[in-house]
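Scroll down for the structure; my scribbles are underneath it.
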Protein chains: 2
Amino acid sequence: MIVMRHHVPRAGLTRDRVAGEAAVMADEVGLGRLTLAGLAERLGVRQPSLYKHIDSVASLRRDISVQAKRELGDVLARASVGRSGADAITAMSHAYRDWARRHPARYEASMLMPSPGDVEDETVSATAIQVITDVLTAYRLEGDDAVDAIRAFRSTLHGFVVFEAAGAFAMSADVDRSFERLVRGFIVALGQWNETVPPAR
Amino acid sequence: MIVMRHHVPRAGLTRDRVAGEAAVMADEVGLGRLTLAGLAERLGVRQPSLYKHIDSVASLRRDISVQAKRELGDVLARASVGRSGADAITAMSHAYRDWARRHPARYEASMLMPSPGDVEDETVSATAIQVITDVLTAYRLEGDDAVDAIRAFRSTLHGFVVFEAAGAFAMSADVDRSFERLVRGFIVALGQWNETVPPAR
DNA sequence: GTTTAAAGCTATTGACAATAGCCAAAATGG
DNA sequence: CCATTTTGGCTATTGTCAATAGCTTTAAAC
C-alpha cells in the first residue's frame, strides 16, 4: 500500500541548531547520556536524519564544545571588562564558576581539547584562554612566569568547579565561602609569585 | 554433533582480579573505552562469564574506583609520613601528581563519588581524604578554616592533574616547573589563610 | 561418592551509532 | 511558472555493546 504524504513541512534544522539543542539536552541529562535518539525526538525528527547535519556523535560533541567555548569566553570577557588586578580576577572567577554551575555539560564540553588541525576549535579555544591571560597580565608577569600563573589559575578554578559539580563538597561548610577563599588565596599567591620560583638546580 | 569437553580448567577469576585487570586495561585504553568484551578476552573468558563476578559495568567501575582510592590513599600516606608542614604538603603533592600520571584511568575512577549507602566506598573515600586533612592540620586550621583549605588544596591538585592528563598544557613552558610553583603558591596562600576570610556581610 | 554450588558456556535481546538507499520538499534557473 | 537539481527528511538494516536466560561442567561440601 502506497501512502501519499502531502505537504509534510521540514523541520528546518541546521548544524548550529542541532548542536544548540544538544547542549540544552546535555545540560539536563548529562553529556554522557546525550543520545541521538533522544535528541532527534526533541527536534521532531528521526534519528538517522540527524546525520544530514552532523558527521558523528564525536563531531556533535565537538560542535557543542566550540559553542560552549565561545559562550564561556564571552562570559569571562564581560565579567572582567572595566576591571583590573585582583578585582578583575575575582569577578572573572565568579563568572566562571556561575556559568559552569548553570551549564554543567557545556562546561564539561568546553574543556575538551581541539583535535589537531581543527582551526575553528583551536581559534575559539585560544580566544577564551586569552581572556584569562589578559586579566593576569595586569600583574606584570612575563614569559614563563605568566604561563605558570595562568596554568595555576585555570587549575584552581577547574578543580573547584569539577568537585562542586560532582557533589564532592558534601561537608556542611558553606561552599560559596570556600570558593571566595580559594580565589583570595590565589590572589595572595599571585602577589608573591616571584617568591614561588623554584631554585635552579 | 555433541562436543565432549574434558577437563577444561577454570579461569579462576575473582571480583578483585577482574577489577584489577580492568584497571590495568583502563589505564592503557582509557576508562571510557573499557569494554567487557575486551576485558573478557584479556582474562581468557567469554564476555557473559564476567557477570559471575560483577553486577554491571557501573559496578565494575565502582570496584575500580574503590581499589584506586585505596592505592592513592596509601601513596599519599607513604609520601607524607615523617614530614610536616610545607614539607609534607610538597611531598604529598608530588606523589599525588606522579600517581595520577602513571594511572590516568585509575585516577579518574578514584574521583568518582560513592553511591549513597555504599559503606565500603564511603569508608575508603573518607580514609583517603583524611590523609590530606592530617597534613593540613599541621597549619593549625580548625573548623571551617580547615574545610576551606582542604577544598582549596584538592581543587588545586585535581585541576592541574586533569589539565595535564588532557594535554591542555601545550605551551612550551616546563610543566614540572609550573607544578612546583602551583604547590609553592598554595603554601604561600596557606601561610596567610586567615587573611583570606571574606568579610561578614 | 553423591550432592550441590559456583563458574563457565552458547544463544539471544535491546539500546545505541552508523550506513544505504529512497522520496518529497525546497531552491534554482530557464 | 514549469523543469531540474539539491537538500533534508524517511525506512530498513548492520554492527557493537551491555545484559539476561538457560544449560553444562567443574570443584567444593558433606
What donor-acceptor contacts under 3.5 angstrom involve side-chain atoms of residues 142-151 of chain B, with partners at least two apart or in another chain?
from	atom 1	to	atom 2	distance (Å)
B:Asp145	OD1	A:Arg181	NH1	2.6
B:Asp148	OD1	A:Ser178	OG	2.4
B:Asp148	OD2	A:Arg177	NH1	2.8
B:Asp148	OD2	A:Arg181	NH1	3.1
B:Arg151	NH1	A:Ala173	O	3.0
B:Arg151	NH1	A:Ser178	OG	3.0
B:Arg151	NH2	A:Met171	O	3.1
B:Arg151	NH2	A:Ala173	O	3.3

Report all side-chain donor-acceptor pairs from residues 157-165 of chain A shorter than 3.5 Å, counting only partners two or more places apart or in another chain.
from	atom 1	to	atom 2	distance (Å)
A:His158	ND1	A:Tyr107	OH	2.6
A:Glu164	OE1	A:Arg97	NE	2.9
A:Glu164	OE2	A:Arg97	NH2	2.8
A:Glu164	OE2	A:Arg101	NH1	3.2

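Taking 4.0 angstrom as the limit, B:His53 places a side-chain polar atom (N or O) nearer than this to OP1 or OP2 of C:dG8. The shortest distance between the side-chain N/O atoms of B:Ser49 and the OP1/OP2 oxygens of C:dC9 is below 4.0 Å.
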Return the polar atom pairs (N/O with N/O) between nucleotides 14-17 of chain C and the protein under 3.5 Å, or none.
from	atom 1	to	atom 2	distance (Å)
C:dA17	OP1	A:Leu36	N	3.2
C:dA17	OP2	A:Leu36	N	3.1
C:dA17	N7	A:Gln47	NE2	3.4

Atom pairs, N/O to N/O, protein against nucleotides 4-7 of chain D, distance under 3.5 Å?
from	atom 1	to	atom 2	distance (Å)
D:dT7	O2	A:Arg10	NH1	3.3
D:dT7	O2	A:Arg10	NH2	2.6

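One atom, CG of A:Leu60, and another, C1' of C:dA18, lie 14 Å apart when rounded to the nearest Å. Separating the CG atom of B:Leu50 from the P atom of D:dT20 is a distance of 13 Å, rounded to the nearest angstrom. A straight line from CZ of B:Arg17 to P of C:dA7 spans 13 Å, rounded to a whole angstrom. Distance CG (B:Leu13) to P (D:dA27): 13 Å, rounded to an integer number of Å. Atom CD1 in B:Ile54 sits roughly 13 Å away from atom C1' in D:dT20 (whole-Å rounding). Summarising the geometry, the separation between CZ on B:Arg46 and C1' on D:dC17 is reported as 16 Å, rounded to the nearest angstrom. Taking atom CG of residue B:Leu39 and atom P of nucleotide D:dC17, one finds them 13 Å apart after rounding to whole Å.
Listed by first then second residue, pairs satisfying salt bridge (Lys or Arg N to Asp or Glu O under 4.0 Å) with a partner in residues 85-94 of chain A read A:Arg83-A:Asp87, not counting sequence neighbours. For residues 108-119 of chain A, the pairs satisfying side chain to side chain donor-acceptor pair (under 3.5 Å) are A:Arg62-A:Asp118, with sequence neighbours left out.
Take B:Arg33 and apply the side-chain hydrogen bond (donor to acceptor under 3.5 Å, both in side chains) test, not counting sequence neighbours, and it matches no residue. With sequence neighbours excluded, no residue forms a side-chain hydrogen bond (donor to acceptor under 3.5 Å, both in side chains) with A:Asp55. Residues that satisfy the side-chain contact (heavy atoms from CB on, under 4.5 Å) test with A:Ala86, not counting sequence neighbours, are A:Tyr139, A:Ile187. Residues that satisfy the side-chain hydrogen bond (donor to acceptor under 3.5 Å, both in side chains) test with B:Arg106, not counting sequence neighbours, are B:Asp27, B:His103. Here B:Glu41 pairs with nothing under the side-chain hydrogen bond (donor to acceptor under 3.5 Å, both in side chains) rule; sequence neighbours left out.
For DNA chain C, no neighbouring residue in residues 19-30 of chain B is found when judged by any heavy atom under 4.0 Å.
In summary, B:Arg102 and B:Glu71 do not engage in a salt bridge, as defined by a charged side-chain N under 4.0 Å from a carboxylate O.
Smallest separation of non-hydrogen atoms from A:His53 and A:Val18: CB-CG2, 4.1 Å.
Distance from the side chain of A:Lys52 is smallest to D:dG8 among D:dG8, C:dA7, D:dT11.
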